[in-house]
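Scroll down for the structure; my scribbles are underneath it.
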Amino acid sequence: LIAYGGIEGAVLGGGRLQALMEGAAPASRVEAADILRKVGPAGYRPLRRLLSDVEPAVRGAALKAAATTADPRLIPLLVEALATEKGRKRAARALAAVGPAAVEPLLGLLEAGTAPRDVKLVVPRILRMVRDKKAYDGLLHSAPPRDPQVRLRLWAALGQLRGDLALPVLPLEQVQARIEEEFVAT
C-alpha cells in the first residue's frame, strides 16, 4: 500500500507501519523493516531509526532493507554496522548498493589506524562490489596496508575491478614501485 497505493495507500499503510515501528515486541519492528525493504528509497527515515534499534534481530532486518533503500545518508550507520560480526555481510551489501557515494568513507576505514582488522578485510570486497572507477583509483592510490591479508584483498579487488571496468593493465614500472613502497612500509 505504501509503495503503490497512492495517497490512500500511503495513509493506511503508513499508519500500520508506524504502529509496527512503535511496537514493544521486536517482531513488530522486524516486520516494519521487512515492509521498508519493499518500499525502497522512500523508506530512509524510518529505516534510520530501525538501524539503531537495541535488538539485534531488528538491526539485522533493517540492514537487509538498507540494501534496497540504498540511500547515501545511511552510510554512517552502515559503516558502524561493519564492526559487528552479525551485521557485517548485510552492511557490506547495503554499502555496495549505495554505490560510489560509499567509496570515500570505505577508503577512510581502510586507512584508519583504529578500524578493526575484520573491517579492513571486508572493505576491498565492498569496493569491488561498487564497480566504479572511483573505487579502483582509491584502492590503487591508498597507502599500503601493513597487514598482508588486507594487502592481498586490496590487490585482488584491484584486479577484479580492472577486469570489470575494462581498464588497461598497469605499467610494470608502476607495479614495481608499488611493491617497493609496500616492502618499505612493512
Side-chain angles (χ1 to χ4, degrees), residues 1-5 9-132 134-135 138-139 145 147 149-150 153-154 157:
L1 284 175
I2 294 172
Y4 304 110
V11 169
L12 290 171
R16 171 79 175 127
L17 177 63
Q18 187 66 31
L20 289 170
M21 289 193 59
E22 293 172 357
S28 297
R29 298 189 306 280
V30 167
E31 186 178 345
D34 288 340
I35 291 168
L36 290 170
R37 183 171 50 86
K38 296 170 186 146
V39 169
Y44 157 74
R45 288 189 192 282
L47 188 58
R48 184 179 58 190
R49 219 169 84 201
L50 295 176
L51 284 168
S52 300
D53 199 280
V54 295
E55 289 293 327
V58 176
R59 287 193 309 270
L63 284 169
K64 188 174 182 180
T68 60
T69 303
D71 192 303
R73 294 173 292 181
L74 294 175
I75 291 173
L77 292 169
L78 297 173
V79 165
E80 187 179 309
L82 286 175
T84 63
E85 187 177 344
K86 289 188 177 189
R88 191 168 296 128
K89 284 185 181 178
R90 288 182 177 174
R93 281 190 218 109
L95 283 162
V98 168
V103 170
E104 288 302 320
L106 289 169
L107 289 170
L109 280 176
L110 196 59
E111 296 192 14
T114 57
R117 180 177 191 262
D118 291 342
V119 171
K120 288 185 177 192
L121 284 169
V122 75
V123 167
R125 289 182 178 175
I126 300 169
L127 291 169
R128 184 184 73 207
M129 290 187 291
V130 171
R131 289 198 169 106
D132 187 81
K134 186 177 174 183
L139 284 171
D147 185 318
Q149 189 67 33
V150 175
R153 296 225 179 142
L154 183 144

Do you know which two heavy atoms are closest between [X] and [Y], and how far apart they sit?
X: A96; Y: M129; answer: CB-CB, 3.6 Å
X: D34; Y: A61; answer: OD1-CB, 4.3 Å
X: A102; Y: P105; answer: O-CD, 3.3 Å
X: M21; Y: A32; answer: CG-CB, 3.5 Å
X: G43; Y: T69; answer: C-CG2, 4.4 Å
X: L47; Y: A62; answer: CD1-O, 3.4 Å

Check: Under 6.0 Å from the CD atom of E22, do we count more than 12 heavy atoms belonging to anything else shown?
Finding: yes
Checklist line | Residues, nucleotides or ligands: over 12 heavy atoms within 6.0 Å of R49 CZ | finding: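 Counting other residues, nucleotides and ligands, CZ of R49 exceeds 12 neighbours.
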Answer yes or no: is there a donor N or O on one side and an acceptor on the other, between the side chain of [X] and the main chain of [Y], under 3.5 Å?
X: R88; Y: L82; result: yes
X: R59; Y: V54; result: yes
X: R153; Y: P124; result: no
X: R29; Y: G23; result: yes
X: T68; Y: R37; result: yes
X: R93; Y: A67; result: no

Item checked: Pair R73 + D71: basic N to acidic O under 4.0 Å -> yes
Note to self: Can you tell whether the side chains of E31 and R16 come within less than 4.0 Å, N to carboxylate O?
What the structure shows: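 Salt bridge: yes.
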Next item on the list: Enter the distance from K134:NZ to L127:CG here, rounded to the nearest 0.5 Å.
Entry: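 Result: 10.5 Å between the selected atoms.
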Notebook entry, point to check: Once you round to the nearest 0.5 Å, how far does CD of E55 lie from OG of S28?
Noted result: 11.5 Å
Notebook entry, point to check: Do Q149 and K120 pass the side-chain contact (heavy atoms from CB on, under 4.5 Å) test, and can you show the C-alpha distance, the side-chain angles, and the key distance before you say yes or no?
Noted result: CA-CA 10 Å; Q149 189 67 33; K120 288 185 177 192; over 6 Å; no
Next item on the list: Take R117 and D147 through the test salt bridge (charged side-chain N to carboxylate O under 4.0 Å, His left out) and record every step on the way to the result.
Entry: CA-CA 8 Å; R117 180 177 191 262; D147 185 318; 2.4 Å; yes
Note to self: Within the structure provided, determine whether L139 and L110 are in side-chain contact (heavy-atom separation under 4.5 Å).
What the structure shows: yes
